[in-house]
Amino acid sequence: MAEDTHANEKTAFRYDGALARDIETRRQKHWEQENAHHVPNPGEVGFNPDQKKFYCLDMFPYPSGKGLHVGHPLGYIGTDIICRFRRMKGEAVLHPMGWDAFGLPAEQYAIQTGVHPATTTQTAINTYRRQLKAFGFSYDWSREVATIDQDYYRWTQWIWLQAYESFCDPRTGKATPIHVLEEDLSTGNLVTDGQSITAPGELSSTLTWNELEKTKQLDVIDNQRLAYLSKQVVNWCPALGTALANEEVIDGKSERGGHPVVRKPLKQWMFRITSFADRLVNDLQDLDWPHSTKVQQREWIGRSEGAAIRFSVEGHADQSLEVFTTRPDTLFGATFLVVAPEHPLVQRVKDPAVHAYCTEAANRTERERQSEDDEKTGVPLGLHGIHPVSGELVPIWVADYVLMGYGTGAIMAVPGHDDRDHAFATKFDIDIKNVVAPDDGKTTDDCFTEHGIAINSSCAALSLDGLSTAEAKATMINWLVSNGSGERRVTYRLRDWLFSRQRYWGEPFPIVFGPDGRCHPVSDAGLPVELPDLADYEPVISDEPQPLLAKATDWVQTTAGAAGVSPDRLPPETPVTRETNTMPGWAGSCWYWIRYCDPTNTDAFISEEAKAFWLNGGVDLYVGGAEHATLHLLYARFWHKFLFDLGHLPTSEPFQRLFHQGLLTAFAFQRDNGQLVPTDEVEETTEDVFVAKDTGESVRRIVAKMSKSLRNVVNPDDVIAEFGADTFRLYEMYMGPLDASKPWNTRDIVGVYRFLQRAWRLLINESTGEPRLRSETHEGIEQQLHRTIAKVGDDIERLANNTAIAALIEFVNFAGKQSGNQPALTPDQADRFARLLGPFAPHIAEELRERCGSPGCIIHAKWPNFDESMLVDDTIELPVQVAGKMKGKVTMPADADEETVKSLVLADDKIVAALEGRSIRKLILVPGRIVNLIPGD
RNA sequence: GCCGCCGUAGCUCAGUGGUAGAGCGCUCCCUUGGUAAGGGCGAGGUCGUGGGUUCAAAUCCCAUCGGUGGCUCCA
């Protein structure tokens, strides 16, 4: 015992795991007492309107029951570093955290256990919050929000109502209040044909608005809303008991769970996101986003320019067939037309073979349709289209390679210049006509899909021969327009956004259905529409969709007054039925960055003052996973845009700079046959040789995503318990670039741990805990410190935390080496070094700083300055090349001129030897960098 | 098939025209009443390959191979 005591005394202040935890506990308590990470809003005590604001947002997590694994904090550590840095630079930093807490896993857990999703979700949130706090993140926890809170989803519902009460004005392309539509239709400023809405003069046939029946008028208006009801062929997943968005279906299976998905018509709430498609593409241009993410969004939206072309149908004077093409210049090469199996024209045909084909196509999943991608199928309809230019008859086929959901659901097939049409024509022996020749004059038997020169494209009415593809397109479109057979058109791959789900654990829609079946919105005063409790959460597994909330019959059947519908719209006693669908998991994440700015506001979703300050210029930096490139990030931009149009927000884009942290992987082990072996069933026999414990067979080490099944998940609590949070933070940042994916290797943590120990030992006597400081400045160390300040500041801005840490390591190594066993830094230098370390390892940095004589919260300290002149040396070792090959280096003044350099270099034996007696033909001097001697003969 | 990104030490990564670097791992030495410890010295790279531009190329250009992420019957 006595010996132990003695040993403990000697090393009582060694920076080990126990001391790290002790420091971290005390510092975190200190920060809470000081409320150190709170940032005031306009109007609050301490708010300074002259401060520059920096809004740094993390993608908030879905709190699952399993807690955090080491991959979660990666981005959070990155943002914490730049936030702490910007605060030290004097900016007002908004750095909040919250919970994306509606969603399927909690509901599925409820189905298994009967525990209310609110209970499990709250437990998970508490775990996540505790774990996040252990990292010492500088979140302003007073701004925490959860999407499941009534105070939050009340405003989610309010925003949805904003969309419901507006339409996209075709004259401006902007979201506009719906009453403008009603007024302009009744005054004739806008006209309709019952489907679309335009300014007068742009539609061939229009309805006389004021003579229309009231219900017809309401139908037209309802059909224009940004949030509208529509009977859609949806992706119905019987196993999950819900419909899914296109984005949630991968290869005909649900993204979650991999269950089969079938196509089914269903009345659903939609968002008219397609009317914003152009703006969503164009506005990407000015955003500081990863290139790959912009590309993905553009591809996802899939804008393509072309023409709509109408073919009359022979023998059916009342019917025309409209096709969409991006190559109207190839119209003379259209030798057949193809419609999708779901196309209405198919209903005109009695042929049983046609219907057999369509039924079969409908029953095949998307996956089956795609797996046989080369083999085309189809049957002729027995109908013919009349070519709008030549008047020739063109056979019409039905084939499932044409999709009802894109363009018009019908195409003109040009087998000479489209690979798919070519394959189809070849299989069914249909004419192939070449109407485009390559620019270089060569001809080819292959299907030529590039641009070129039009050939074989003339008849009495029109000739395109000799025109380039671009000219031919324009000529053809003009001809079609003036002959009433078509027009210029843009279509998108993007579809309108299916927003209804048949689940329980989501936001209810603030809308009811009256006795006539029409919709009536809940008034603002009636919000929130609270989610009712249910006795059981079991989905009704059926081919006929049944929303879960339909089980809450008392809640569903109510009156207009009780539901919160304004008496102006319906008398309070009117019996109504509530909407039983709920919003999808994306809803809450479409606006959470707005709520953080003013999280407790009960009068508005955000105050005017808060939005003017925090949302001016949008979120300055948004960090999260690249997997959200086309879903969350597109939806969020859409919501932000329509709220901007309606005057509720100061910018049309939410996130100015976007950054994706990489995926954190882990080692996993694989047998020769490719089978994976759990990490804990493998041992390392000798260096880098691994064998399976059960069979002794050698296994290969691979890098894989962390997953429960591989048993390679690392829990951050364990790492923090052993090394402390500062080491954890440093390790994850030092592993590599923040946006690269990289493998966790517990063995390497000790590297940065030792760095912190060296830094601690540089400044602290490990026996006494007293500071080790000197009074006279070591000039070399001072210069190195200035360089480190410059580099670390630059690197943090670039989110290059790995190289910043490398610079800190180099500084500590340098200072330790220069001073030998003597104290290396003055109190002032120690303070500056601690402040540099602060953003990365805030606990130990604050402790070091305090022990060296500068107490106080490190986040409130100022970022140190550096002196430019300290970054350059007076005397340098100039590298010398002879004929471009490095031959040695010569000491000289940094600013030596050519003559000086030449004489000093020629005084060096090694250089003279390298010249081998040759004369110097040319001397290239890059001052301060290098000199290159080009020898003559 | 198309698009993006990446190939630098055994491993993970810095280094965007000018002497190839860091951490881990490895050799050897020292220290040890801090022990999966500390300190020191060192080895280890024709920068994927082949061309080109340049006084000079890991770096710029072209080609090629390998890896990785995304899109894909979208007319």
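Being a predicted model, the structure only gives us computed values, none of them experimental.
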- prompt: Is there a Watson-Crick or G-U wobble partner for B:U53 with both distances under 3.5 Å, and which nucleotide is it?
  reply: none
query: Nearest to the side chain of A:Ile411 - B:C73, B:C24, B:A75?
result: B:A75
- line: Per atom distances to the A:Asp400 side chain, the nearest of B:A56, B:C24, B:C73 is B:C73
task: Sticking with atom P, work out how far B:U59 lies from B:C71, rounded to a whole angstrom.
output: 32 Å
query: Between A:Arg761 (CZ) and B:A37 (P), how many Å, whole number?
result: 13 Å
message: Return whichever of A:Val750 or A:Arg754 has its heavy-atom-nearest nucleotide of RNA chain B closer to the 5' end.
response: A:Val750
task: May I have the distance from A:Leu74 (atom CG) to B:U12 (atom P), rounded to whole angstrom?
output: 17 Å
query: Taking a pair as Watson-Crick or G-U wobble with both distances under 3.5 Å, which nucleotide is matched to B:U59?
result: none
task: Between B:G15, B:A75, B:C24, spot the one nearest the side chain of A:Val402, thanks.
output: B:A75
message: Regarding A:Arg489 and A:Glu322, does a basic nitrogen lie under 4.0 Å from an acidic carboxylate oxygen?
response: yes
message: So if I take every side-chain heavy atom of A:Gln757 and compare against B:G15, B:G38, B:C73, which nucleotide ends up nearest?
response: B:G38
field: C1' atoms of B:C47 and B:G18, separation to the nearest Å
entry: 16 Å
message: Roughly how many Å apart are B:G7 and B:A14, using the C1' atom of each and rounding to a whole number?
response: 15 Å
- prompt: Base, sugar-phosphate, or nothing for A:Asn813, non-hydrogen atoms under 4.0 angstrom?
  reply: sugar-phosphate
- prompt: Taking atom P of B:A75 as reference, at what distance in whole Å does atom CZ of A:Arg495 sit?
  reply: 11 Å
Value in whole Å for how far the C1' atom of B:G18 lies from CG of A:Leu933: 13 Å
field: Heavy atoms from other residues, nucleotides or ligands near CZ of A:Arg310 exceed 12 (cutoff 6.0 Å)
entry: yes
message: Assess, by modelled atom type and distance only, whether the side chains of A:Asp278 and A:Tyr492 contain a donor and an acceptor separated by less than 3.5 Å.
response: yes
task: Salt-bridge test for A:Lys791 and A:Asp795: reply yes if a basic N is under 4.0 Å from a carboxylate O, no otherwise.
output: yes
query: What does B:C2 pair with, Watson-Crick or G-U, if both distances are under 3.5 Å?
result: B:G70
task: Could you give the distance separating B:G33 and B:G38 at their C1' atoms, to the nearest angstrom?
output: 14 Å
field: Rounded distance (Å) that lies between atom C1' of B:C3 and atom CH2 of A:Trp300
entry: 16 Å
- request: For B:G4 and B:C24, measure between their P atoms and round to the nearest Å.
  value: 38 Å
query: Counting only Watson-Crick or G-U wobble pairs whose two distances fall under 3.5 Å, which nucleotide matches B:C28?
result: B:G40
task: Tell me, please, whether A:Phe424 has A:Lys376 positioned over its six-membered ring: NZ or CZ under 6.0 Å from the ring centre and within 45 degrees of its axis?
output: no
field: Identity of whatever pairs with B:G45 - Watson-Crick or G-U, under 3.5 angstrom
entry: none
- prompt: Is A:Arg489 touching bases, backbone alone, or none of the nucleic acid, heavy atoms closer than 4.0 Å?
  reply: nothing
query: If the P atom of B:G25 is compared with that of B:U12, how far apart are they to the nearest Å?
result: 15 Å
- line: Whole-Å distance, A:His628 NE2 to B:G69 P, equals 18 Å
field: Spacing of A:Met735 atom CE relative to B:U12 atom P, expressed in whole Å
entry: 11 Å
Phosphate contact (B:A75 OP1 or OP2) by A:Tyr406 side-chain N/O below 4.0 Å: yes
- prompt: Which nucleotide, B:G70, B:G18, B:C24, lies nearest any side-chain atom of A:Gln881?
  reply: B:G18
- line: Against the side chain of A:Ile924, the closest entry in B:C13, B:C55, B:G23 is B:C55
message: side chain to side chain donor-acceptor pair (under 3.5 Å), that's the test. Do A:Tyr753 and A:Asp16 meet it? Break it down for me.
response: CA-CA 9 Å; A:Tyr753 179 56; A:Asp16 57 13; 5.6 Å; no
Pairing partner of B:G23 (Watson-Crick or G-U wobble, both distances under 3.5 Å): B:C11
- prompt: Which of these passes side-chain contact (heavy atoms from CB on, under 4.5 Å) with A:Val414: A:Thr449, A:Val436, A:Leu331, A:Thr330?
  reply: A:Thr330
- request: Starting from P on B:A37, measure out to CZ on A:Phe755 and report it in whole angstrom.
  value: 19 Å
message: Nearest to the side chain of A:Asn932, heavy atoms from C-beta on, is which of B:U72, B:A75, B:C55?
response: B:C55
message: From the set B:A75, B:C71, B:A22, return the single nucleotide nearest to any side-chain atom of A:Arg493.
response: B:C71
query: With no angle test and no hydrogens, is the base of B:A36 tied to the side chain of A:Glu722 by a donor-acceptor pair under 3.5 Å?
result: yes
- prompt: Taking atom C1' in both B:U54 and B:G39, what distance in whole Å separates the two?
  reply: 47 Å
query: Base, sugar-phosphate, or nothing: which does A:Ser304 touch, judged by heavy atoms less than 4.0 Å apart?
result: sugar-phosphate
message: Please give the distance between the C1' atoms of B:G10 and B:C5 as a whole number of Å.
response: 25 Å
message: Is it true that A:Thr377 and A:Tyr357 share a donor-acceptor pair across their side chains at a distance under 3.5 Å?
response: yes
